There are 2 protein chains.
Amino acid sequence: MEDSRAADGGRQRPTLEMVAAEAGVSRGTASRALNGGHNVSRRAMEAVQAAAARLGYRPNLAARSLVLGRSGSIGLVVSESDERLFSDPYFATVARGVHAELMAHDVQLVLALAQTPAERERMLRWSAGRPLDGVIIISVHGADPLPGAIATEGVPVVIGGAVEGPDRDIPGLASVDADNLAGARTAVEHLVARGRTRIGHISGPLDMVVGRDRLEGWRSVVSGLPGGALPTLSVEGDFSEASGAEGARRLLAAHPDLDGVFTSNDVMARGALGALQQAGRRVPQDVAVVGFDDLPGTEGIAPGLTTVRQPVIEMGRQMARTLLTMIEGRPLAERHAVVPTTLVVRETT
Amino acid sequence: MEDSRAADGGRQRPTLEMVAAEAGVSRGTASRALNGGHNVSRRAMEAVQAAAARLGYRPNLAARSLVLGRSGSIGLVVSESDERLFSDPYFATVARGVHAELMAHDVQLVLALAQTPAERERMLRWSAGRPLDGVIIISVHGADPLPGAIATEGVPVVIGGAVEGPDRDIPGLASVDADNLAGARTAVEHLVARGRTRIGHISGPLDMVVGRDRLEGWRSVVSGLPGGALPTLSVEGDFSEASGAEGARRLLAAHPDLDGVFTSNDVMARGALGALQQAGRRVPQDVAVVGFDDLPGTEGIAPGLTTVRQPVIEMGRQMARTLLTMIEGRPLAERHAVVPTTLVVRETT
DNA sequence: ACTCCACATGGGAGCGCTCCCAGCCTGCTC
DNA sequence: GAGCAGGCTGGGAGCGCTCCCATGTGGAGT
């Protein structure tokens with residue numbers, strides 16, 4: 001009656017103490033019976049479990065976190081507009097991998113958005129309070145201070161993507177990235193092998209390492225071509241379908257003799273394909289197209305697209321595994337992992 | 001050295017006790033200085049804040065949750081495949097509204113996935129441990145026991161969508177839904193007003209109330225038409241673009257004289273539009289099309305689409321407000337809110 | 001029969017925080 | 001100049017849990 005905390009329904013929620021009393025044992029025994037059951041007699045075990053069930057006991061996670069020093073959950077932080085977050089299948093796929101791995105380890109995954117500067121500041125303060133045992137951050141733009149700041153607070157961080165600059169040396173910060181440079185190079189070399197000489201690129205955002213890396217891969221191959229890497233042969237996109245279409249139109253406008261396009265992801269390839277078709281170009285006869293990603297379940301995006309596959313689900317799993325390793329304080333084989341990509345040739349080249 | 005909890009970096013993270021000592025005051029005073037600052041002298045206030053900054057103090061959220069009985073964060077639970085979650089802009093939009101409202105109230109939002117039965121069971125156990133002060137659940141299929149179960153555990157629940165059956169009477173469970181029945185009716189009546197008599201429907205999943213409600217809205221209007229509501233005039237979709245296209249093809253196959261289509265969301269309308277075009281039908285001359293949703297920022301999905309607008313962002317905000325009201329134990333004006341929709345006429349009718 | 005040990009148990013300590021309350025010291029009123 | 005109200009303060013209690021350790025208990029070994 002006088003418990004201000006009993007706002008829920010009515011009576012006090014059962015505590016371990018109450019379960020123990022109900023079962024006729026002590027708190028310690030009840031605790032052991034409910035977790036693992038080491039050094040607990042069969043009789044006590046059953047009594048406790050029955051009592052817990054009868055009372056509808058649910059352990060208070062805050063209390064457990066307090067004494068254990070960990071919460072049993074980790075965060076997937078996305079620094080991306082929700083527009084993109086929910087429209088680019090890349091995030092879903094990473095999340096799927098992370099999720100799969102964590103479920104296997106009985107760790108709860110929570111997604112948190114950190115888009116605006118205010119939200120990012122808030123995220124830092126929050127995570128420093130240790131509601132999460134570690135965080136995975138995907139989609140890092142520019143020289144984002146957030147990952148380093150969180151890691152410096154002592155919360156293990158894994159970045160999905162590349163890490164540049166001083167952040168590389170923060171011990172509590174690891175990363176998993178695809179070999180974007182090599183992947184892009186393979187894609188463009190494939191176009192060259194198909195006899196293309198006028199190869200354009202529609203890049204990702206250039207404030208992201210991934211955007212710059214794939215651009216650089218393209219440039220390194222194209223610069224060896226007769227025409228070279230003309231500035232007008234690469235246009236900046238933002239990974240959206242619309243930007244892919246727009247990019248293709250701009251490439252065609254500047255280079256009507258365009259015969260190959262490498263886009264920084266498959267979604268933009270879809271946009272480009274549409275724009276090329278509208279411009280009357282046949283694919284692959286007139287213009288060959290290569291994308292990047294090859295996410296499972298997205299065949300519908302651009303059927304028959306030749307693309308560079310990065311094993312995104314497996315990368316998500318690896319991010320989760322890496323984070324769990326750091327949380328447990330075990331040594332890491334490699335702090336900054338780079339996973340290889342494979343070219344998947346289909347009908348657009 | 002002997003603290004097993006110091007796995008992070010090196011030394012023990014600062015506690016309020018240490019801040020108090022550093023500032024030369026007691027724990028109580030330090031606590032008051034850091035929260036609100038009632039009954040704290042200017043001198044103490046400054047000393048504590050300086051000490052906290054010097055030590056890099058971050059309050060331990062688990063300890064605070066334990067004593068306060070609340071965590072300051074709420075969950076957005078999505079019982080949807082991540083495929084759909086990340087491909088349907090609806091979720092992003094709800095999330096946006098919820099997020100906006102919560103930020104204004106200084107509450108942390110976390111998203112959690114509960115897709116498979118195992119995950120849903122896990123979600124129930126987890127949320128019963130009160131890591132969240134309340135949850136918003138969107139995308140409820142069938143007679144999903146999860147919302148009721150969580151509410152019964154004493155955790156306030158708001159459902160984004162309609163609630164049917166016994167769950168309606170659970171006090172700790174509220175909902176916010178669009179007036180799908182009226183909205184669908186308006187859409188179909190508009191088609192009738194445009195002189196259409198052969199009006200098909202591509203529904204949402206019929207295991208969802210929203211799918212059934214919009215279907216019922218269509219049926220109630222169409223059944224008054226000369227042709228009536230032939231079973232072959234409605235096909236079940238799943239809110240995806242592909243299912244919209246497939247639905248339109250099936251409608252055309254069964255009814256070549258089709259002159260109107262109402263789809264249960266805009267994404268399916270896009271698919272239908274594509275299929276109609278492929279089949280050589282002109283829109284709106286031959287076939288008029290009305291969608292549902294009209295989400296902000298999705299003009300690109302189906303330009304010029306006539307559709308039924310539901311105020312999804314505002315609905316998200318309302319879900320958040322409702323949940324916060326319940327968490328604070330204040331009475332609710334209406335437990336099951338239904339918000340009106342508006343028809344937006346554009347070029348496809 | 002006696003020792004010994006493994007298992008089982010209860011209860012104290014303590015995680016880091018907020019609340020409460022008694023006590024203090026001002027400064028003001030009469 | 002005594003009395004009193006109020007602002008500040010310190011420290012105890014306690015949130016619900018897990019760990020640790022001292023203390024039983026039984027059965028196996030000699």
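Note: hydrogens, waters and symmetry copies are ignored here, and every other heavy atom, side chains too, is used. Throughout, protein chains are lettered first and strands after them, A, B, ... in sequence-line order, and every chain is numbered starting at 1. Here the structure is a predicted model, which is why all the values come from computation and not from measurement.
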Closer than 4.0 Å, any side-chain N/O of [X] to the OP1 or OP2 of [N]?
| X | N | result |
| --- | --- | --- |
| B:Thr29 | D:dG10 | yes |
| A:Arg64 | D:dT18 | yes |
| B:Asn35 | C:dT18 | yes |
| A:Ser41 | C:dT9 | yes |
| A:Ser31 | D:dC17 | no |

Report the distance from atom [atom1] of [X] to atom [atom2] of [N], rounded to the nearest whole Å.
| X | N | atom1 | atom2 | value |
| --- | --- | --- | --- | --- |
| A:Tyr57 | D:dT18 | OH | C1' | 10 Å |
| A:Leu66 | C:dA13 | CG | C1' | 13 Å |
| A:Leu16 | D:dT18 | CG | C1' | 9 Å |
| A:Met18 | D:dG16 | CE | C1' | 12 Å |
| A:Arg13 | D:dC15 | CZ | P | 14 Å |
| A:Leu55 | D:dG16 | CG | P | 14 Å |
| A:Arg43 | C:dT9 | CZ | P | 8 Å |
| A:Arg130 | C:dC15 | CZ | P | 16 Å |

Worksheet entry | With B:Ile159, the side chain to side chain contact (heavy atoms under 4.5 Å, CB included) member among B:Val140, B:Ile136, B:Val135, B:Ile138 |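 With B:Ile159 as partner, side chain to side chain contact (heavy atoms under 4.5 Å, CB included) holds for just one option, B:Val140.
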Discussion item. To check you understand the geometry: which heavy-atom pair defines the closest contact between B:Arg335 and B:Ile170, and what is its length?
Written reply: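 It is NH2-O, 3.0 Å.
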Worksheet item: Which heavy atom of B:Ala44 sits nearest a heavy atom of B:Thr29, and at what distance?
Response: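 Result for this residue pair: CB-CG2, 4.1 Å.
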Item to complete: Determine, step by step, whether B:Glu314 and B:Arg321 satisfy the salt bridge (Lys or Arg N to Asp or Glu O under 4.0 Å) criterion, reporting the C-alpha distance in whole Å, the side-chain angles of both residues, the deciding distance to 0.1 Å, and the verdict.
Response: CA-CA 10 Å; B:Glu314 178 49 33; B:Arg321 277 196 304 271; 2.8 Å; yes
Worksheet item: If you find the nucleotide of DNA chain D closest to A:Thr15 and the one closest to A:Arg32, which residue's nucleotide is nearer the 5' end?
Response: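 The answer here is A:Thr15.
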Practice prompt. Measure from the side-chain heavy atoms of A:Ala63 and tell me the nearest of D:dG14, D:dG16, C:dG10.
Written response: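 Looking only at side-chain atoms, A:Ala63 lies closest to D:dG16.
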Worksheet entry | 5′-ward residue of the pair A:Gly28/A:His38 relative to DNA chain C |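 Nearest nucleotide further toward 5': that of A:His38.
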Worksheet item: Using a cut-off of 4.0 Å on non-hydrogen atoms, how would the nucleic acid contact of A:Asn39 be classed: base, sugar-phosphate, or nothing?
Response: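 It contacts base atoms.
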Worksheet item: When all nucleic acid strands are considered with a 4.0 Å heavy-atom cut-off, which category describes A:Ala44: base, sugar-phosphate, or nothing?
Response: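 Sugar-phosphate only.
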Worksheet entry | Base D:dG12 paired with B:Arg27 side chain (donor-acceptor, <3.5 Å) |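 Result: at least one qualifying N/O pair found.
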Discussion item. Is there a side-chain contact between A:Ser73 and A:Leu109 in this structure, where contact means two heavy atoms from C-beta onward sitting under 4.5 Å apart?
Written reply: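 They are not in contact (no side-chain heavy atoms under 4.5 Å apart), so the answer is no.
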